[in-house]
Amino acid sequence: MPQIKLPDGSEKRFEQPVTVHDVAESIGAGLAKAALAGEVDGRIVDTSHTIDGDTTLRIITSRDEEGVEILRHSTAHLMAQAVKRLYPETQVTIGPVIEDGFYYDFAREEPFTPEDLQAIEQEMNRIVSEDIPVEREVMSRDKAIEFFRKQGEEYKARIIEDIPADEELSLYRQGDFIDLCRGPHIPSTGKSGAFKLTKLAGAYWRGNSDNEMLQRIYGTAWPSKKELKQYLHRLEEAERRDHRKVGRQLGLFQFQEEAPGAVFWHPRGWTLFRSLINFVRQRQEQAGYVEVNTPDVMDRRLWEISGHWQNYREHMFSTKTEDDRVFALKPMNCPGSVSLYKQGLKSYRDLPIRMAEFGKVHRYEPSGALHGLMRVRHFTQDDAHIYCTEEQMEEECRKVIELNLSVYRDFGFDDVRLKFADRPESRIGDDSTWDKLESALKGALDSMGLEYTYNQGEGAFYGPKIEFVLRDAIGRDWQCGTLQADLNLPERFDATYRSADGGEKRPVMLHRALLGSLERFTGILLEHHGGILPPWLAPVQAVVMNITDAQADYAAEVVKILSDQGFRAESDLRNEKIGYKIRERTLEKIPYLLVIGDRERENRQVAVRCLNGEDLGAMDIQAFAELLRDKVSSRAS
RNA sequence: GCCGGCUUAGCUCAGUUGGCAGAGCAUCUGAUUUGUAAUCAGAGGGUCGGGGGUUCGAAUCCCUCAGCCGGCACCA
């Protein structure tokens, strides 16, 4: 006789085996209606699951995280059923839950159209109103393969063939539709929440670009209409922040057909870009780096030594000159850096050498990968290579991590996650070398008490790496910095140093990037701030605007005074009403608007209006300069 | 690179079954000299992404190339 313990500590005893649904009903009709699944002894099961022994049970509803997942998974099935009803020749494949929703991949000759999506959504609603029960069945593997083959579901059969032969499979049936699935699922289609099909895309069968392409339909699903609406609102918010849109509104940069994946920087955008470089440069100098610069175009020979020619030939821009030499635009800065290191003999006394370079690299990225500033073919890395002894390696790693984290904080990214990527399957170098490199990176992290997650097998082919992932204001993650330990390139380029005993030794090479691609980081900053850059980064910090022509000379003088103190100020002397100027400059996200009328001119003051509309009133020019200086030096928003 | 969609004035976008290319903002000219998110009036502005085809006639239908957008794959 089952004795069932509930989360609140109470226990219920039943005279015969009961289902999760029965237990929920015994607690209350409302709960029974809301129940989507149950957790029995830590395992999530359907509400139809029968309990015949003593257990603990938690009823899962859409208010539980697991409940929402089940809802989304069941919505994927709902969609597949609708698709099969409308387009019976379609084959189903897989339909997993993803963040905020789900997708389902279909195989079908004819492409789905956006109009089809509407029809599918309608059919889904119809199935919901039919309130079809969702039933679980168990089948042997071989029987299941036969079952799906007979239905013409070749893909499903192939998926099942990969499952061990002795395993029993669960199938879920809802009316005319049946799908292989681990489950659990909602008890009936009527219990679906609010959903919407969002986009149509191609996706390779089994995620491999050698395979045929399937059609993927994405959707989102939520317990209530209200939550669905909130989600759609969140998408709109992200769209508002889109750096491509913001960049156009603020006049920062442009793209052009003739140079796909290349940025045309406008004066204001380039000012921002320079601010980033200058800030990183200053912080690096303080941290003991030297800065260098190496050629953009170098002979193919150098890329053969580094191994890039063999590995990335088709992603490199190259050119043949009149005299039949083949040159390549640099896709990486390291070969140039090692070349500098190799100039002259190095002693152990010279190490560590921290060599930074704001190098512009060129990579022929696949056309489909290009995306605004986030993925371009020509970008500037705030790159550095640190040459040190094996003994110095761990300490140098610590210093890099410290510098990176502190710079991220200065840019307003306090939530930084670290990932440790260890040796990949295909790699060069022996295991003892990898042991050394991995333990140095890990040792640095551990000794600093930092938490990190593992990215197993995701290291570069020549060495393990630490990745710095920044979380932005609306919760998205961006991988920016990296730190890689490398003994391969020094070997390939035969870089050496004289050790204390006079012998010749191999230096360790640490590759590190701080913000990564400065183009991309500009995009991230714009989206993080929604275009409202803090005064220290704003390309124009203040615009001085006159009420009438009578104050034009004074306005120009104010701009001069501020510029002389290193501020980025402009004037707006157009013959327009003050409200019009304020509106325009506000849309350009200028942090401070300085309004000048006769009163201000006579008192040698400025009337200060903040971007958020706050009026700070009239103040002396110097008082405003101090205010702005404080904001800039504290990097306040 | 692959799948799907899109490309009309500087920007945002209308444009019916194939039948004279439009609006708002911006620009220019004039008036207005204005106090915290759009002053008024007038004018100019287009190879409808490029090329090819169907048709009496193409922004509209077909083919092709490019770019962009959403995914997939890729990201040293």
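Quick note on labels: first sequence line is chain A, next is B, and so on, each numbered from 1.
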Quick check: any donor-acceptor pair below 3.5 Å linking the side-chain of [X] to the base of [N]?
{"X": "A:Glu600", "N": "B:G35", "value": "yes"}
{"X": "A:Arg375", "N": "B:C74", "value": "yes"}
{"X": "A:Asp615", "N": "B:U36", "value": "no"}
{"X": "A:Tyr364", "N": "B:G1", "value": "no"}

[N] and [M]: how far apart are their [atom1] atoms, nearest whole angstrom?
{"N": "B:A21", "M": "B:C28", "atom1": "C1'", "value": "22 Å"}
{"N": "B:A66", "M": "B:G50", "atom1": "P", "value": "15 Å"}
{"N": "B:A14", "M": "B:G53", "atom1": "P", "value": "31 Å"}
{"N": "B:U7", "M": "B:G46", "atom1": "C1'", "value": "14 Å"}
{"N": "B:C74", "M": "B:A37", "atom1": "C1'", "value": "45 Å"}
{"N": "B:G52", "M": "B:C13", "atom1": "C1'", "value": "29 Å"}
{"N": "B:G51", "M": "B:A58", "atom1": "P", "value": "14 Å"}
{"N": "B:A43", "M": "B:C61", "atom1": "C1'", "value": "38 Å"}

[N] phosphate, OP1 or OP2, under 4.0 Å from [X] side-chain N/O:
{"X": "A:Arg244", "N": "B:C69", "answer": "yes"}
{"X": "A:Arg585", "N": "B:A38", "answer": "no"}
{"X": "A:Tyr580", "N": "B:U33", "answer": "no"}
{"X": "A:His371", "N": "B:G71", "answer": "no"}

Side chain to side chain donor-acceptor pair (under 3.5 Å) involving A:Tyr462 - partner list, sequence neighbours excluded: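 A:Tyr462: side chain to side chain donor-acceptor pair (under 3.5 Å) contacts with A:Gln484.
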In residues 327-338 of chain A, which residues come under 4.0 Å of RNA chain B by heavy atom?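 Heavy-atom contacts with RNA chain B come from A:Pro331, A:Met332.
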Quick check on contacts: within residues 245-260 of chain A, what sits under 4.0 Å from RNA chain B by heavy-atom distance?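 Within residues 245-260 of chain A, the residues near RNA chain B are A:Arg248, A:Glu257, A:Pro260.
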A:Glu365 and its side chain to side chain donor-acceptor pair (under 3.5 Å) partner, picked from A:His315, A:His371, A:Arg375: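 Checked A:His315, A:His371, A:Arg375 against A:Glu365; only one passes side chain to side chain donor-acceptor pair (under 3.5 Å): A:Arg375.
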Closest approach to the side chain of [X], judged atom by atom: which nucleotide of [options] is it?
{"X": "A:Pro366", "options": "B:C74, B:G71, B:U36", "answer": "B:C74"}
{"X": "A:Ala201", "options": "B:G70, B:C72, B:A73", "answer": "B:G70"}
{"X": "A:Tyr204", "options": "B:U39, B:G1, B:G35", "answer": "B:G1"}
{"X": "A:Arg363", "options": "B:C75, B:G70, B:A37", "answer": "B:C75"}
{"X": "A:Lys465", "options": "B:C68, B:G70, B:A76", "answer": "B:A76"}

Less than 6.0 Å separating the ring centroids of A:Phe317 and A:His378?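 Yes; A:His378 has its ring centre under 6.0 Å from that of A:Phe317.
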Starting at [atom1] of [X] and ending at [atom2] of [N], how long is that distance when rounded to a whole Å?
{"X": "A:Leu587", "N": "B:A38", "atom1": "CG", "atom2": "C1'", "answer": "10 Å"}
{"X": "A:Glu365", "N": "B:G67", "atom1": "CD", "atom2": "P", "answer": "15 Å"}
{"X": "A:Glu109", "N": "B:G4", "atom1": "CD", "atom2": "P", "answer": "12 Å"}
{"X": "A:Asp549", "N": "B:U33", "atom1": "CG", "atom2": "P", "answer": "10 Å"}
{"X": "A:Arg216", "N": "B:G5", "atom1": "CZ", "atom2": "P", "answer": "18 Å"}
{"X": "A:Asp116", "N": "B:G4", "atom1": "CG", "atom2": "P", "answer": "13 Å"}
{"X": "A:Arg492", "N": "B:A76", "atom1": "CZ", "atom2": "C1'", "answer": "12 Å"}
{"X": "A:Gln215", "N": "B:C72", "atom1": "CD", "atom2": "P", "answer": "15 Å"}

Please work out if [X] contacts a base, only the sugar-phosphate, or nothing of the nucleic acid, heavy-atom cut-off 4.0 Å.
{"X": "A:Lys577", "answer": "base"}
{"X": "A:Ala550", "answer": "nothing"}
{"X": "A:Ala460", "answer": "nothing"}
{"X": "A:Tyr218", "answer": "sugar-phosphate"}
{"X": "A:Gly368", "answer": "base"}
{"X": "A:Gly307", "answer": "nothing"}
{"X": "A:Arg574", "answer": "nothing"}
{"X": "A:Asp598", "answer": "base"}

With RNA chain B as reference, determine whether A:Leu214 or A:His308 sits nearer its 5' end, using the nearest nucleotide of each.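 Final value for this comparison: A:Leu214.
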First of A:Ser209 and A:Leu200 reached from the 5' end of RNA chain B, by closest nucleotide: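 Going by which nucleotide is closer to the 5' end, it is A:Leu200.
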Is there a side-chain contact between [X] and [Y] in this structure, where contact means two heavy atoms from C-beta onward sitting under 4.5 Å apart?
{"X": "A:His266", "Y": "A:Leu252", "result": "no"}
{"X": "A:Tyr592", "Y": "A:Cys610", "result": "yes"}
{"X": "A:Leu483", "Y": "A:Asn404", "result": "no"}
{"X": "A:His511", "Y": "A:Asn333", "result": "no"}

[X] with [Y]: basic N within carboxylate O range, under 4.0 Å:
{"X": "A:Arg240", "Y": "A:Glu236", "value": "no"}
{"X": "A:Asp422", "Y": "A:Lys465", "value": "no"}
{"X": "A:Asp615", "Y": "A:Arg609", "value": "no"}

Compute whether any side-chain donor of one residue and acceptor of the other, for A:Thr294 and A:Glu357, lie under 3.5 angstrom apart.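 The answer is yes; a qualifying pair exists.
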Are side-chain N/O atoms of A:Asp598 and A:Gln551 paired as donor and acceptor at under 3.5 Å?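 There is such a pair (donor and acceptor under 3.5 Å, judged by atom type) between the side chains of A:Asp598 and A:Gln551.
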Using a 3.5 Å distance criterion without hydrogens, assess whether the side chain of A:Arg601 forms a donor-acceptor pair with backbone atoms of A:Ala550.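 Pair found, side chain donor or acceptor close to backbone of A:Ala550.
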Any chance CZ of A:Arg301 has more than 12 other-residue heavy atoms, nucleotides or ligands included, within less than 6.0 Å?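 12 or below, so no.
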With sequence neighbours left out, write down each residue that passes salt bridge (charged side-chain N to carboxylate O under 4.0 Å, His left out) with A:Arg604, or none if nothing qualifies.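 For A:Arg604 the salt bridge (charged side-chain N to carboxylate O under 4.0 Å, His left out) partners, ignoring immediate neighbours, are A:Glu557.
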Holding to side chain to side chain contact (heavy atoms under 4.5 Å, CB included), I want the full list of residues that pass it with A:Tyr155, two or more places apart in sequence or in another chain.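 Only A:Gln91, A:Thr93, A:Ala107, A:Arg158, A:Trp205, A:Glu212, A:Leu214 meet the side chain to side chain contact (heavy atoms under 4.5 Å, CB included) criterion with A:Tyr155.
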According to the Watson-Crick and G-U wobble definition with distances under 3.5 Å, which dot-bracket string, read 5' to 3', encodes RNA chain B, using [ ] for crossing pairs and | for pairs with another strand? (((((((..((((.....[..)))).(((((.......))))).....(((((..]....))))))))))))....
Tell me whether the ring of A:Tyr312 lies stacked over the B:A76 base, given a 5.5 Å limit on centroids and a 30° limit on the plane angle.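 Stacking is present between B:A76 and A:Tyr312, given that their ring centres fall under 5.5 Å apart and the planes under 30°.
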